[in-house]
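First comes the structure, then the notes that go with it.
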Amino acid sequence: IIFKNLEGKYIVLSEYNPDVTGTKDNKKTIYYVTDEKQQSQYINMFKEDNMDAVILTHNIDQSFITSLESKDETITFQRIDAEIASSTKEEVTAEDEDKVVEEGEKLTDMFKKALNNDKLSVKAVKLKNPNVSSMITLSEQGRRMHDMMKMYNMGGSDSTMFENNQTLVLNLNNDLVKYLLEHDDMEEKDMFCCQLYDLAVLCNKPLEPEEMTRFVERSNKIMQMLTQNSGK
């Protein structure tokens, strides 16, 4: 069985570079992509760190990889946005750990209030790429359960399933996130938090119609603010 990778080459699983894979429970983790456009931010991060993933864009692929895992206990498949790969994160010294925890707690409280969601899971990390401000990760198990329910018309809301299994990841090395931490009393704080959250969701899945409407209105408002400030 051959798989297409991020470079457009066709490989078998034994050729999947072991030097750029993760290990979990003594299993070889094989990352995969279901939508190259939607998951482009995650793909770029992988490429920057010389990591690889296979392309699985068909509906049958979800059942197929589950079947492969049951036949080969040495491998496990994980979508590229299921969690932040450790190799894409900056190492934090013991001296900085307390500061990272403190800033993470501050951001968690800030975003929960801005989004009016006490159940929101927030994680603050230092990514190697400072241009990435926010990302959404969705547990592999939760996504597969959602896909199965959807396939068999077992009901359930897309947004509910997404919210219950998602984690908002904020990059402490990003200037926008740093600005929020340093100006947590500014009037536009909630608006910026909502914008960062929607931007993260857009890299994971399309926004719902009402969410998209709010996102566009908010984007226009932010651009109006920029034009007013540039004229001063």
Side-chain angles (χ1 to χ4, degrees), residues 5-7 11 13 15-34 36 38-54 74-112 114-115 120-143 165-184 189 192-193 195-197 199-204:
N5 69 0
L6 295 182
E7 296 181 358
I11 60 174
L13 291 185
E15 296 175 311
Y16 188 85
N17 192 342
D19 296 330
V20 296
T21 61
T23 56
K24 188 175 183 180
D25 299 328
N26 296 320
K27 292 184 178 182
K28 178 180 177 180
T29 299
I30 300 169
Y31 295 100
Y32 67 94
V33 172
T34 57
E36 293 177 80
Q38 194 79 49
Q39 297 152 19
S40 60
Q41 178 175 253
Y42 304 88
I43 292 173
N44 289 335
M45 288 179 61
F46 262 49
K47 288 182 176 180
E48 288 170 2
D49 206 46
N50 295 318
M51 296 182 66
D52 201 4
V54 294
T74 66
I75 63 172
T76 180
F77 284 82
Q78 180 171 291
R79 209 170 91 167
I80 199 170
D81 54 358
E83 64 180 35
I84 302 298
S86 58
S87 60
T88 63
K89 293 186 287 188
E90 183 181 289
E91 290 188 15
V92 178
T93 63
E95 297 176 354
D96 291 336
E97 284 183 0
D98 290 341
K99 184 179 180 182
V100 169
V101 171
E102 181 182 344
E103 292 179 337
E105 291 175 348
K106 186 175 181 179
L107 288 168
T108 297
D109 184 60
M110 188 186 304
F111 275 79
K112 281 185 175 181
L115 297 168
L120 178 68
S121 176
V122 181
K123 185 177 182 180
V125 300
K126 288 192 172 185
L127 297 175
K128 292 179 180 178
N129 187 342
N131 295 320
V132 176
S133 57
S134 56
M135 303 175 69
I136 289 288
T137 59
L138 190 63
S139 71
E140 183 70 21
Q141 183 179 4
R143 178 184 291 106
N165 293 281
Q166 69 164 321
T167 297
L168 173 64
V169 180
L170 299 169
N171 183 11
L172 295 174
N173 283 332
N174 178 262
D175 287 340
L176 289 173
V177 176
K178 290 179 182 178
Y179 188 85
L180 275 177
L181 283 168
E182 296 168 358
H183 301 81
D184 59 337
K189 176 186 64 177
F192 289 156
C193 287
Q195 193 73 356
L196 283 177
Y197 174 76
L199 287 170
V201 173
L202 277 169
C203 292
N204 196 281

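Under a 3.5 Å cut-off, the side chain of Lys28 and the backbone N or O of Ile75 do not form any donor-acceptor pair. Checked by atom type and distance alone, the side chain of Glu83 never pairs as donor or acceptor with a backbone atom of Leu138 at under 3.5 Å. Looking only at distances, no side-chain donor or acceptor of Tyr16 sits under 3.5 Å from a matching main-chain atom of Val54.
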Side chains of residues 120-129: which donor-acceptor partners sit under 3.5 Å, not counting sequence neighbours?
{"unit_1": "Ser121", "atom_1": "OG", "unit_2": "Thr167", "atom_2": "OG1", "d": "3.4"}
{"unit_1": "Lys128", "atom_1": "NZ", "unit_2": "Asp49", "atom_2": "OD1", "d": "3.4"}
{"unit_1": "Lys128", "atom_1": "NZ", "unit_2": "Ser87", "atom_2": "O", "d": "2.7"}
{"unit_1": "Asn129", "atom_1": "OD1", "unit_2": "Asn131", "atom_2": "N", "d": "2.9"}
{"unit_1": "Asn129", "atom_1": "ND2", "unit_2": "Glu48", "atom_2": "OE1", "d": "3.0"}
{"unit_1": "Asn129", "atom_1": "ND2", "unit_2": "Glu48", "atom_2": "OE2", "d": "3.2"}

Please table the atom pairs, donor to acceptor, closer than 3.5 Å between any side-chain atom in residues 98-107 and protein atoms at least two apart or in another chain.
{"unit_1": "Lys106", "atom_1": "NZ", "unit_2": "Leu181", "atom_2": "O", "d": "2.9"}

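With sequence neighbours excluded, no residue forms a side chain to side chain donor-acceptor pair (under 3.5 Å) with Ser86. In this structure Leu199 satisfies the side chain to side chain contact (heavy atoms under 4.5 Å, CB included) test together with Gln195, Phe215, sequence neighbours excluded. Considering only residues two or more places apart in sequence or on other chains, Asp109 meets the salt bridge (Lys or Arg N to Asp or Glu O under 4.0 Å) condition with Lys113. Residues passing the side chain to side chain donor-acceptor pair (under 3.5 Å) test with Asp81 are Arg79, Arg143, Asn204, sequence neighbours excluded. Applying the side chain to side chain donor-acceptor pair (under 3.5 Å) test to Glu90 and every residue at least two apart in sequence or in another chain returns Asn173. Scanning for side chain to side chain contact (heavy atoms under 4.5 Å, CB included) contacts around Glu7 gives Asn5, Lys9, with sequence neighbours left out. Every residue two or more places apart in sequence or in another chain that forms a side chain to side chain contact (heavy atoms under 4.5 Å, CB included) with Thr74 is listed here: Asp72. Here Gln41 pairs with nothing under the side chain to side chain donor-acceptor pair (under 3.5 Å) rule; sequence neighbours left out. With sequence neighbours excluded, no residue forms a side chain to side chain contact (heavy atoms under 4.5 Å, CB included) with Asn44.
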side-chain contact (heavy atoms from CB on, under 4.5 Å) assessment of Ile84 paired with Thr137: CA-CA 7 Å; Ile84 302 298; Thr137 59; 3.9 Å; yes

Test log, rule side-chain contact (heavy atoms from CB on, under 4.5 Å), inputs Thr93 and Glu97: CA-CA 6 Å; Thr93 63; Glu97 284 183 0; over 6 Å; no

Stepwise side-chain contact (heavy atoms from CB on, under 4.5 Å) test for Asp52 and Tyr31: CA-CA 7 Å; Asp52 201 4; Tyr31 295 100; over 6 Å; no

Derivation and outcome, side-chain contact (heavy atoms from CB on, under 4.5 Å), residues Val177 and Leu180: CA-CA 5 Å; Val177 176; Leu180 275 177; 5.7 Å; no

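Note that CE of Met45 and CE of Met51 are 9.5 Å apart. Values are rounded to the nearest 0.5 Å. The CG atom of Leu176 sits 8.5 Å away from atom CZ of Phe192, with the distance rounded to the nearest 0.5 Å. If you take OH on Tyr197 and CG on Leu115, they are separated by 6.5 Å, rounding to the nearest 0.5 Å. Taken from CG in Asn171 to OG in Ser134, the straight-line distance is 9.0 Å, to the nearest 0.5 Å. Taking CG of Leu170 as the reference point, atom CG of Leu172 lies at 7.5 Å (rounded to 0.5 Å).
Between Glu15 and Ile11, the shortest heavy-atom distance links the atoms OE1-CA, 3.3 Å. Shown here for Val33 and Ala53, the closest heavy-atom pair between the two residues is CG2-CB, 4.1 Å.
Put simply, the side chain of Tyr42 reaches to within 4.5 Å of the side chain of Cys203, judged on heavy atoms. Counting only heavy atoms from C-beta outward, the side chains of Ile80 and Phe46 approach each other to under 4.5 Å.
Using modelled atom types, one finds no donor on one side chain facing an acceptor on the other under 3.5 Å when comparing Gln39 with Tyr32.
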